[in-house]
There are 2 protein chains.
Amino acid sequence: MRRDVFQAIADPTRREIINLLAAKSLNLNAIADNFKMSRPAISQHVKILIECGLIKIKKNGRERFCEVKFQKLKEVSKWVEQYSSFWNNKLDALEIYLSDIKTKVEPKK
Amino acid sequence: MRRDVFQAIADPTRREIINLLAAKSLNLNAIADNFKMSRPAISQHVKILIECGLIKIKKNGRERFCEVKFQKLKEVSKWVEQYSSFWNNKLDALEIYLSDIKTKVEPKK
DNA sequence: GATTTGCGTAAGTGTTTACTTACCTATATA
DNA sequence: TATATAGGTAAGTAAACACTTACGCAAATC
């Protein structure tokens, strides 16, 4: 069972959980309130996020508050940003511009 | 069947394919040469990358050259970078420092 | 024209995923 | 002490995933 950050953020529900927790640390029920799916389903998503290190738990009585460990996202950032020069360089812009022209000139393709 | 960029890059083989293609546009067999798995397996991975817009094909005779459309990675970059302030601010650094100290002080946990 | 090469795709398979309901335990509250 | 609340976890299930082998077809080469 692979359990890495890339896998973890592949699921839209888990990305949304991270979004919620970015604003504010929440306990499990508070997270679940934001979704239509069952509480155990959310519990399982949170478990995956914990296992890959994206979330840490702070226990307070019977409540368990989740907070995001954003440093873990660096892994993804590093991988993606190594290509950033490709998508914002001049050549790339030229390419888009040309294929755009082409579309206008021969639209039947 | 979800077919978005996050899903596409969740698989390590597909990330590796993108890595290879970043250096040089390759045809399918050339890509497959870099992996132990079968050619059809690679063909299927490439298909997924095409379907989510990360790869475009340039046909040349019977060969099909793959090239990465890096702009598609912007989607990932945008999502991740919205949190970059969290992982490189002072408070965060302090937190890491403190938990580091804690580990050294009570190592039996 | 026959054969090789490049590559897509179908069918089959074992594994993983994303849920569900049911149940359990620990903490808090009346 | 009884009960409500927070939340973990097991079992079941349908769908998706990551492969494989087998096959087919079109372009290139002999």
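A quick note: this is a predicted structure, and the numbers were derived from the prediction, not measured. Reminder, nothing fancy here: chain letters follow the sequence lines and each chain counts from 1.
The existence of a salt bridge linking B/E51 and B/R3 is confirmed by a sub-4.0 Å separation between a basic side-chain nitrogen and an acidic carboxylate oxygen. Using a cut-off of 4.0 Å between Lys/Arg side-chain N and Asp/Glu carboxylate O, A/K78 and A/E81 are scored as not salt-bridged.
The CG atom of B/N60 lies 9.5 Å from the CG atom of B/N27; values are rounded to the nearest 0.5 Å. Rounding to the nearest 0.5 angstrom, the gap separating the NZ atom in A/K69 from the NZ atom in A/K74 is 12.5 Å.
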Polar-atom pairs under 3.5 Å, protein N or O versus N or O of nucleotides 27-30 of chain C: list them with distances, or write none.
residue	atom	partner	partner atom	Å
C/dT27	O3'	A/R62	N	3.4
C/dT27	O2	A/R62	NH1	2.9

* Asked: Please walk me through it: do A/L21 and A/E67 pass side chain to side chain contact (heavy atoms under 4.5 Å, CB included)?
  -> CA-CA 6 Å; A/L21 294 175; A/E67 47 186 65; over 6 Å; no
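By the side chain to side chain donor-acceptor pair (under 3.5 Å) test, B/R64 pairs with no residue at all, sequence neighbours left out. With sequence neighbours excluded, no residue forms a salt bridge (Lys or Arg N to Asp or Glu O under 4.0 Å) with A/E16.
Classification of the B/F70-A/F86 ring pair by plane angle, with boundaries at 30° and 60°, yields parallel.
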* Structure fact -> The contact string for nucleotides 16-24 of chain D, one letter per nucleotide 5' to 3', using protein heavy atoms under 4.0 Å with B, S and - for base, sugar-phosphate only and none, comes out as SSSBBBB--
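Within residues 15-27 of chain A, the residues that place at least one heavy atom under 4.0 Å from DNA chain D are, in residue-number order, A/N27.
B/R15 places a side-chain N or O within 3.5 Å of a backbone atom of B/A10 that can act as its donor or acceptor partner.
Protein atom CZ of B/R64 is 13 Å distant from nucleotide atom C1' of D/dC25, rounded to whole Å. The CG-P distance, from A/L28 to C/dT25, rounds to 20 Å in whole Å.
Taking only side-chain nitrogens and oxygens, B/N29 never comes nearer than 4.0 Å to OP1 or OP2 of C/dT5.
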Considering only distance and modelled atom types, tabulate donor-acceptor pairs under 3.5 Å from the side chains of residues 28-44 of chain A, sequence neighbours left out.
residue	atom	partner	partner atom	Å
A/N34	ND2	A/A30	O	2.8
A/N34	ND2	A/I31	O	3.4
A/S38	OG	A/A41	N	3.3

